S.K.: 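Could you have a look at this structure, given as structure tokens, before my questions?
No hydrogens, no waters, no symmetry mates; every other heavy atom, side chains included, goes into these values. All values reported here derive from a predicted model rather than from experimental measurement. Letters A, B, ... mirror the listed sequences (proteins, then strands); counts begin at 1.
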Number of protein chains: 2
Amino acid sequence: MKDVAEAAGVALKTVSRVVNGEATVAPETLDRVQQAIRTLGYRRDEGARQLRHGRSQAIALVVRDIADPFFAAIGRAVETRAEEDDLVVMIGSSHDDPAREREVALGFCARRPTGLIIAPIAKRQDYLLPDISAGLAVCAVDRPAQGIPCDAVLSDNAAGVRMAVEHLLRHGHRRIGYLGDDPAVFTARERVAAFRATMAEHGVPVDEHEVRLGAPGREFVAAALRTMFDPSDPVTALVTGNNRITAEVLRHLADAPHRPALVAFDDLELAELLRPGLTVVAQDPVAMGEAVMRLLSSRLADPAREPAEVRIPVRLIPRGSGELRPR
Amino acid sequence: MKDVAEAAGVALKTVSRVVNGEATVAPETLDRVQQAIRTLGYRRDEGARQLRHGRSQAIALVVRDIADPFFAAIGRAVETRAEEDDLVVMIGSSHDDPAREREVALGFCARRPTGLIIAPIAKRQDYLLPDISAGLAVCAVDRPAQGIPCDAVLSDNAAGVRMAVEHLLRHGHRRIGYLGDDPAVFTARERVAAFRATMAEHGVPVDEHEVRLGAPGREFVAAALRTMFDPSDPVTALVTGNNRITAEVLRHLADAPHRPALVAFDDLELAELLRPGLTVVAQDPVAMGEAVMRLLSSRLADPAREPAEVRIPVRLIPRGSGELRPR
DNA sequence: GGTTCACGTGACAACGTTATCCCGGCATGG
DNA sequence: CCATGCCGGGATAACGTTGTCACGTGAACC
């Protein structure tokens, strides 16, 4: 900037004015400065700007795994919106490790971003309190944060599971199994609760061994399927509570002669190519990312606003698998 | 930091020493300062640190689309390695738009990151020259950069296509179609050239209408398949040059009574679940991300080193589709 | 006993930017 | 002709950090 000022024969501050598009610069001076900027290839140092200004024009995004298509889609939506406001996006993955979540989030906070988006894993996010008091806008996504006043954008898990169950009931199924994630996980709790509630509403009793919850993995899924398809009393349909479980179930059933009816929470890439088709309850990660950015803006505009919770609608995409009649 | 110094009754500089783990602090002073840091919830401001130090502890990653599983996997690998060195990762997508690539990359450069990783789309990346002279380490991935001296990490496209073709030849196919991306794309050129070369080596003539190149899309793929499966002289096997084309082909053929033998360049998530199985040439995005990070480190250690090009091996994963005998 | 030396600590400047305050000149109005 | 006001532009300090240098104290050495 000093060099530019020298080249244009003006003071440092005038260059600053030009760079920031302030109106109080005479047209002729403006030209000279812009010329010098081009000649010297000058670009404002955002780091220094941040130091002066207090906050960096950046959004931090802490997800569970950026390679997970769901979070990748959220990331893309966030990035698209962020770019419109000239914000850069910093991304980190917690890999479902609470300590790592904290590490990554605090590492981002040291960059003093404008906003922080977090898909919470840890029990509490109170380690963010100092930064929140210092003006950081925080928004949770996928799950609510605990221990901090914080906006949240969540899928409408209950409605999604209700749609899945009612879809199967409509097609004549009565013995429906539910295979979900560890109940320590917020979304898993919401989804299994909705499963029980919907079944109860329709007067369909639920055997306890028809509901299996656990960490998605080969052993868990294999054991659960053995129980559910016990020849003495097999289920005719299955609802899976997240995409890792769905994938594992599909792997197990890929070469079975008849696949049971299956409705999966969370869409899978290429699900449309599977035969028989896979009916899914699709979340809307793009809408979630956009909602998060809206909440962040509004939070920055009014830091004292009450924490809001936004539920993003989900969508049942019938692809044939629910229509399989009970055997 | 000033507050911490005051609370601990030491000078600013001593706090700095503690924060940076310098050894020249007396144990008793160290304790006092660390106590004050905890009490006040102090964290070093990375922005200010950068200003002093010249470069930010950050890696910028410009990909074509962060929601693409291939780039998401690269992103995760980069992030994992970066975290080990306390580097944050900034991610942006060019969405295959040269102007946007420039915009995003230069926006990152204004943050003065330590390294920039780019999946080039634009014809030339010479807009990075000023930053490179200023000490920015740059590495291209997926495709080489043009107009700048720059390391690159690429898949071994030629070997992959060779494996695909030879796999099909081994299974008795002689009429093999190739469906690839627009030849303006570097990888597309390498792959189709390898197709022709391998066929020629094995003395199998290639009809011109058996090779179709174009932007992946419904119309292009539909037209290409019509030509190739013309009943008068149909191909018995197909090689697809990237995953968007593969997905489109599968969509077209999903409900066909017999699917031709198919080998796809680039793995698809859940490809193992498709029936008939899909044989693929899998790239190794994780290895690519790791190689990129190694190149960046070595570039930082020796900015004058000659640009290097690293080829990452690909792997043929037979899943049955190549074994389909010619009809 | 004086000279080195090592060690722990502190004062200060500088990184690149911008907010605040100030100055000089020109036009306008009485 | 002078007072007033406006406008373009400059000097300075400050944001939070760290590299450089210097200071003071005690111990070890000849």
S.K.: In whole angstrom, what separates B:Asp45's CG from D:dC15's C1'?
M.R.: 9 Å
S.K.: Does the side chain of A:Ser56 reach to within under 4.5 Å of the side chain of A:Glu46, using non-hydrogen atoms?
M.R.: no
S.K.: Give the rounded distance in Å between these two atoms: CZ of A:Arg52 and P of D:dT12.
M.R.: 16 Å
S.K.: Within residues 16-23 of chain B, find the residues that approach DNA chain D with a heavy atom at under 4.0 Å, and present them sorted by residue number.
M.R.: B:Ser16, B:Asn20
S.K.: State, without any angle test, whether B:Asn242 and B:Asp181 hold a side-chain donor-acceptor pair at a distance under 3.5 Å.
M.R.: yes
S.K.: For the side chain of A:Arg49, counting heavy atoms from C-beta on, which of D:dG10, C:dT17, D:dT18 is nearest?
M.R.: C:dT17
S.K.: Using whole Å, what does the distance between atom C1' of nucleotide C:dC15 and atom CZ of B:Arg55 come to?
M.R.: 14 Å
S.K.: May I ask you to say what B:Ala48 touches in the nucleic acid, namely base, sugar-phosphate or nothing, with a heavy-atom cut-off under 4.0 Å?
M.R.: base
S.K.: Is a donor from one side chain sitting under 3.5 angstrom from an acceptor on the other, for B:Arg189 and B:Asn157?
M.R.: no
S.K.: The side chain of A:Lys13 is closest to which nucleotide in this list: D:dT17, D:dG10, C:dG10?
M.R.: D:dG10
S.K.: Quick one: B:Asp3 CG to D:dT17 C1', roughly how many Å, whole number?
M.R.: 14 Å
S.K.: Do B:Gln57 and B:Asp86 pass the side-chain hydrogen bond (donor to acceptor under 3.5 Å, both in side chains) test, and can you show the C-alpha distance, the side-chain angles, and the key distance before you say yes or no?
M.R.: CA-CA 7 Å; B:Gln57 296 291 90; B:Asp86 275 310; over 6 Å; no
S.K.: I need the NZ-P distance between A:Lys2 and C:dC15, as an integer number of Å.
M.R.: 6 Å
S.K.: Rounded to the nearest 0.5 Å, how far apart are CG of A:Asp85 and CD1 of A:Ile59?
M.R.: 8.0 Å
S.K.: Strictly by modelled atom types, are A:Ser298 and A:Arg305 linked by a side-chain donor-acceptor pair under 3.5 Å?
M.R.: yes
S.K.: Compare side-chain N and O positions of B:Arg44 against OP1 and OP2 of D:dT18 and report whether any pair is under 4.0 Å apart.
M.R.: yes
S.K.: Tell me the interatomic distance from B:Glu46, atom CD, to D:dC15, atom C1', rounded to whole angstroms.
M.R.: 16 Å
S.K.: So if I take every side-chain heavy atom of B:Leu12 and compare against D:dG16, D:dT18, C:dT17, which nucleotide ends up nearest?
M.R.: D:dT18
S.K.: From CG of B:Leu51 over to P of C:dA13, roughly how many Å is that when rounded to an integer?
M.R.: 17 Å
S.K.: Please state how far atom CZ in B:Arg111 lies from atom C1' in C:dC15, giving the value in whole angstrom units.
M.R.: 18 Å
S.K.: Less than 4.5 Å apart, side chain to side chain, heavy atoms only: is that true for A:Ile132 and A:Ile148?
M.R.: yes
S.K.: Using heavy atoms and a sub-4.0 Å distance, could you list which residues of residues 24-37 of chain A are near DNA chain D? By number, please.
M.R.: A:Thr24, A:Val25, A:Ala26, A:Thr29
S.K.: Heavy-atom distance under 4.5 Å between the side chains of A:Arg143 and A:Arg64, does that happen here?
M.R.: yes
S.K.: Applying side-chain hydrogen bond (donor to acceptor under 3.5 Å, both in side chains), name anything that partners A:Thr14, two or more places apart in sequence or on another chain.
M.R.: none
S.K.: Distance check: side-chain N/O of A:Arg43 vs OP1/OP2 of C:dG16, anything under 4.0 Å?
M.R.: no
S.K.: Does the distance from a Lys or Arg side-chain N to an Asp or Glu carboxylate O, for B:Glu83 and B:Arg81, drop under 4.0 Å?
M.R.: no
S.K.: Quick one: is C:dT9 close enough that its OP1 or OP2 comes under 4.0 Å of any side-chain N or O from B:Thr14?
M.R.: no
